[in-house]
Amino acid sequence: MSFTSIPILDLAAAGDEATKPEFLRELRHALLEVGFLYLKNVGISDELFQQVITLGKGFFDIPEEEKLKIEMKNAQSFLGYSRLSAEITAGEIDHREQIDLSTEHPIPRPGSPLHHHLLAPNQWPSEASLPGFRETYTEYMRRMGEVSVYFTSLIAEAIELPKDAFSKYFDEDQQHKLKIVKYPDLQQLGKDGEAQGQGVGPHKDSMLSSYLLQATQHRGLQVQNVRGEWIDCPPIPGTLVVAIGQGLEALTQGVCVSTTHRVLSPAAGTGARFSIPFFQGVKGDAEFEDLETVGVGRVPEGVRAQRRRVVEAAGGRIDDVEFTFRRGGVAKTLGEATLRNRVKSHPDVGERWYPDILAAIREEQALAKQQASVPPGGAPVEVPPTAAVKAH
């Protein structure tokens with residue numbers, strides 16, 4: 001059996017002792033069988049959500065020269081503005097325009113590990129060009145940080161762990177990330193004769209959990225079930241779409257499932273689709289060795305057995321999207337893997353700030369391509385393992 005729709009959970013039910021057990025049961029189902037869910041009544045006002053949507057759309061209307069002043073390639077942090085079609089997923093160009101933000105940190109001290117450069121101040125649009133943007137998004141990221149930490153404690157309870165089971169993977173000054181994304185429709189892309197386009201290619205989110213605010217009524221987000229079918233995840237007013245990340249899958253030794261998903265470009269003539277995903281952060285210095293070994297002995301056998309039954313019922317199918325948290329890769333820490341993947345996704349930033357990492361990645365990609373071209377029975381080419389963190 002495989003899911004054909006995305007469950008809807010009411011976060012308010014978790015705050016009432018009378019309804020919390022049923023909420024946790026529904027959450028466990030979503031964690032073990034779907035990897036996605038809608039979440040309503042998250043405790044953020046409709047007014048703030050509407051300000052976030054209005055100002056998020058408004059960002060793309062400011063003059064091009066203002067956006068280019070805060071272009072991503074200006075900074076080592078991969079924070080800032082990305083032009084249309086400047087990012088790559090699954091080896092193909094993503095047709096989207098975006099700005100990346102995070103909860104802010106000071107510039108790292110000299111001599112810090114290279115991946116600490118991901119921690120930095122934001123590149124904000126000027127107040128004159130977009131009044132209220134910085135204040136609104138600073139508040140929204142703060143509030144969403146609180147929601148994500150609370151929800152992670154409920155995830156722990158749903159799989160019968162202590163509510164603070166994942167707290168050791170949070171920094172004291174946590175870095176969460178956020179994107180504001182514009183997906184032009186196929187007509188705007190000059191592809192109005194095509195049936196679909198790649199807004200963003202098939203991938204799994206990294207870290208623990210992500211929370212998507214779908215800011216227009218376009219369909220486009222799709223989630224892949226264990227039969228390989230693409231299930232629509234349409235906008236539902238008053239909800240966030242929660243995706244379980246590969247970090248949580250690793251920490252629970254596969255009990256919580258991270259599910260492949262993609263975004264299709266809007267149909268010709270329907271206008272641009274806007275979305276605002278928030279990504280819960282995880283400590284960048286966390287080591288893969290720890291990430292992979294801590295969970296298996298802690299999740300109760302009854303919960304693990306339930307997940308095994310789900311996998312067996314699906315015929316044991318595993319998709320072909322790379323699993324991020326894999327021991328033995330080039331990176332030893334989550335931060336190192338995150339940096340490598342940011343370089344892979346944004347080679348223009350890599351060329352300017354991380355040319356050695358970019359060169360190594362391109363060599364690995366060339367070897368992988370060579371290996372893929374070896375005929376049956378031919379000698380395989382040894383390809384170095386990688387551990388990439390992809391966050392969308």
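Positions are given from 1 along the sequence. FYI, side chains are in, hydrogens and waters are out, and symmetry mates aren't considered; it's all heavy atoms of this structure.
- More than 12 heavy-atom neighbours from other residues, nucleotides or ligands sit within 6.0 angstrom of CD on Glu146.
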Q: Apply salt bridge (Lys or Arg N to Asp or Glu O under 4.0 Å) to Arg308 and Glu301, showing your working.
A: CA-CA 10 Å; Arg308 285 196 298 270; Glu301 171 57 28; 2.4 Å; yes
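- For Glu139 (side chain) and Thr136 (main-chain N/O), no donor-acceptor pair under 3.5 Å exists by modelled atom type.
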Q) So Ile6 and Val241, side-chain contact (heavy atoms from CB on, under 4.5 Å) or not? Walk me through it. A) CA-CA 9 Å; Ile6 312 301; Val241 178; 5.6 Å; no
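- For the side-chain hydrogen bond (donor to acceptor under 3.5 Å, both in side chains) test, residues two or more places apart in sequence or in another chain that qualify with Gln175 are Ser102.
- Remark: side-chain polar atoms of Asp192 are not paired, donor with acceptor, to backbone N or O of Ala268 under 3.5 angstrom.
- In this structure, Asp94 contributes its side chain and Arg96 its backbone to no donor-acceptor pair below 3.5 Å.
- Around the CD1 atom of Ile107, the shell of radius 6.0 Å holds no more than 12 heavy atoms that belong to other residues, nucleotides or ligands.
- Under the 4.5 Å side-chain heavy-atom criterion for Ile, Leu, Val, Met, Phe, Trp and Tyr, Phe170 and Leu154 are members of the same hydrophobic cluster.
- Pairs passing the ring-ring contact (aromatic ring centres under 6.0 Å, His included) check and including a residue from residues 9-36, sequence neighbours excluded, read Phe36-His261.
- Of the possible donor and acceptor atoms, one in the side chain of Glu336 sits under 3.5 Å from a partner among the backbone N and O of Lys332.
- Sorted by first and then second residue, the ring-ring contact (aromatic ring centres under 6.0 Å, His included) pairs involving residues 78-106 (not counting sequence neighbours) are Phe59-Tyr81, Phe78-Tyr354.
- Under the 4.5 Å side-chain criterion, counting only non-hydrogen atoms from C-beta, Tyr137 is in contact with Ile180.
- For the pair Asp205 and Ser210, the tightest heavy-atom approach, listed with the atom from each and the gap, is OD2-OG, 2.5 Å.
- Judged by distance alone, with hydrogens and angles left aside, the side-chain atoms of His218 form a donor-acceptor pair with the main-chain N or O of Gly271 at under 3.5 Å.
- Separation of atoms CG (Asp164) and OG1 (Thr152) is listed at 12.0 Å; rounding is to 0.5 Å.
- Between Thr338 and Met207 the shortest side-chain heavy-atom distance falls below 4.5 Å.
- The minimum heavy-atom distance linking Pro125 with Ile70 is given by the pair N-CD1, 3.6 Å.
- Two residues are said to be in side-chain contact when any heavy atoms from C-beta on lie closer than 4.5 Å; Arg28 and Arg307 fail this criterion.
- The minimum heavy-atom distance linking Gly335 with Leu118 is given by the pair O-CD1, 4.0 Å.
- Proximity of Ile99 to Lys67: side-chain heavy atoms (C-beta onward) are nowhere separated by under 4.5 Å.
- Between Thr138 and Asn122, every side-chain heavy-atom pair lies at or beyond the 4.5 Å cut-off.
- Listed for the Asn225 side chain is a donor-acceptor partner under 3.5 Å among the backbone atoms of Phe3.
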Q. Does the pair Arg340 and Ile357 meet the rule for a side-chain contact (heavy atoms from CB on, under 4.5 Å), with working shown?
A. CA-CA 7 Å; Arg340 283 177 56 82; Ile357 295 176; 4.1 Å; yes
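- Legend: residues meeting side-chain hydrogen bond (donor to acceptor under 3.5 Å, both in side chains) with Glu157, ordered by chain and number and at least two apart, are Lys20.
- The minimum heavy-atom distance between Leu79 and Ala120, with the atom names listed, is CD1-O, 3.9 Å.
- Using the six-membered ring where Trp is involved, Phe133 and Trp124 have ring planes that are perpendicular, over 60° apart on the 30 and 60° scheme.
- Under the side chain to side chain contact (heavy atoms under 4.5 Å, CB included) criterion, Pro355 pairs with no residue, sequence neighbours left out.
- Remark: Lys57 pairs with no residue by the salt bridge (charged side-chain N to carboxylate O under 4.0 Å, His left out) rule, at least two apart or across chains.
- By the side-chain hydrogen bond (donor to acceptor under 3.5 Å, both in side chains) test, Gln214 pairs with Arg273, sequence neighbours left out.
- Looking only at side-chain heavy atoms (C-beta outward), Thr259 and Val34 stay at 4.5 Å or farther from each other.
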Q.
With side-chain contact (heavy atoms from CB on, under 4.5 Å) as the criterion, how do Phe49 and Ile276 come out once you've worked through the C-alpha distance, each side chain's angles and the decisive distance to 0.1 Å?
A. CA-CA 10 Å; Phe49 277 131; Ile276 305 168; over 6 Å; no
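- A search for side chain to side chain contact (heavy atoms under 4.5 Å, CB included) contacts involving Pro131 returns Glu127, not counting sequence neighbours.
- Under the rule for a salt bridge (charged side-chain N to carboxylate O under 4.0 Å, His left out), the partners of Asp232 that lie at least two apart in sequence or sit in another chain are Arg219.
- One hydrophobic cluster, built from ILVMFWY side chains closer than 4.5 Å, holds both Ile244 and Leu161.
- When atom types are taken as modelled, the side chain of Glu249 and the backbone of Ser258 share a donor-acceptor pair closer than 3.5 angstrom.
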Q: Check the pair Asp100 / Arg342 against salt bridge (Lys or Arg N to Asp or Glu O under 4.0 Å), numbers first and verdict last.
A: CA-CA 12 Å; Asp100 285 57; Arg342 298 300 279 162; 3.0 Å; yes
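- The salt bridge (Lys or Arg N to Asp or Glu O under 4.0 Å) pairs that include a residue from residues 349-363 are Glu351-Arg362, where partners are two or more places apart or lie in different chains.
- Here Ser209 pairs with Tyr211, Gln280 under the side-chain hydrogen bond (donor to acceptor under 3.5 Å, both in side chains) rule; sequence neighbours left out.
- Without hydrogens or angle criteria, Arg304 side chain to Val299 main chain gives a donor-acceptor distance under 3.5 Å.
- The two residues Thr252 and Ile159 come nearest to each other via the heavy atoms CG2-CD1, 3.6 Å.
- In this structure a side-chain-to-backbone donor-acceptor pair under 3.5 Å is missing from Glu33 to Ala30.
- Gly199 approaches Ser265 most closely through the heavy-atom pair N-OG, 3.6 Å.
- Expressed to the nearest 0.5 Å, how far SG of Cys256 lies from CG of Leu32 amounts to 6.5 Å.
- Put simply, Phe274 and Leu55 are part of the same group of oily side chains (I, L, V, M, F, W, Y) that touch within less than 4.5 Å, one to the next.
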Q: Walk me through it: do Lys344 and Glu364 pass the test salt bridge (Lys or Arg N to Asp or Glu O under 4.0 Å)?
A: CA-CA 11 Å; Lys344 183 189 296 184; Glu364 292 165 13; over 6 Å; no
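- Under the 4.5 Å side-chain heavy-atom criterion for grouping Ile, Leu, Val, Met, Phe, Trp and Tyr, Ile62 is connected to Phe60 within one hydrophobic cluster.
- Side-chain atoms of Ser82 do not come within 3.5 Å of backbone N or O of Gln98 as any donor-acceptor pair.
- For the pair Pro184/Glu97, no side-chain contact is recorded, criterion being any heavy-atom separation below 4.5 Å from C-beta on.
- Tyr140 and Phe151 fall within the same hydrophobic cluster, where Ile, Leu, Val, Met, Phe, Trp and Tyr residues are linked whenever their side-chain heavy atoms come under 4.5 Å apart, directly or through other members.
- With sequence neighbours excluded, the residues forming a salt bridge (charged side-chain N to carboxylate O under 4.0 Å, His left out) with Arg134 are Glu104, listed by chain and number.
- Contact annotation: the side chain of Pro235 never approaches that of Thr216 to less than 4.5 Å [non-hydrogen atoms, C-beta and beyond].
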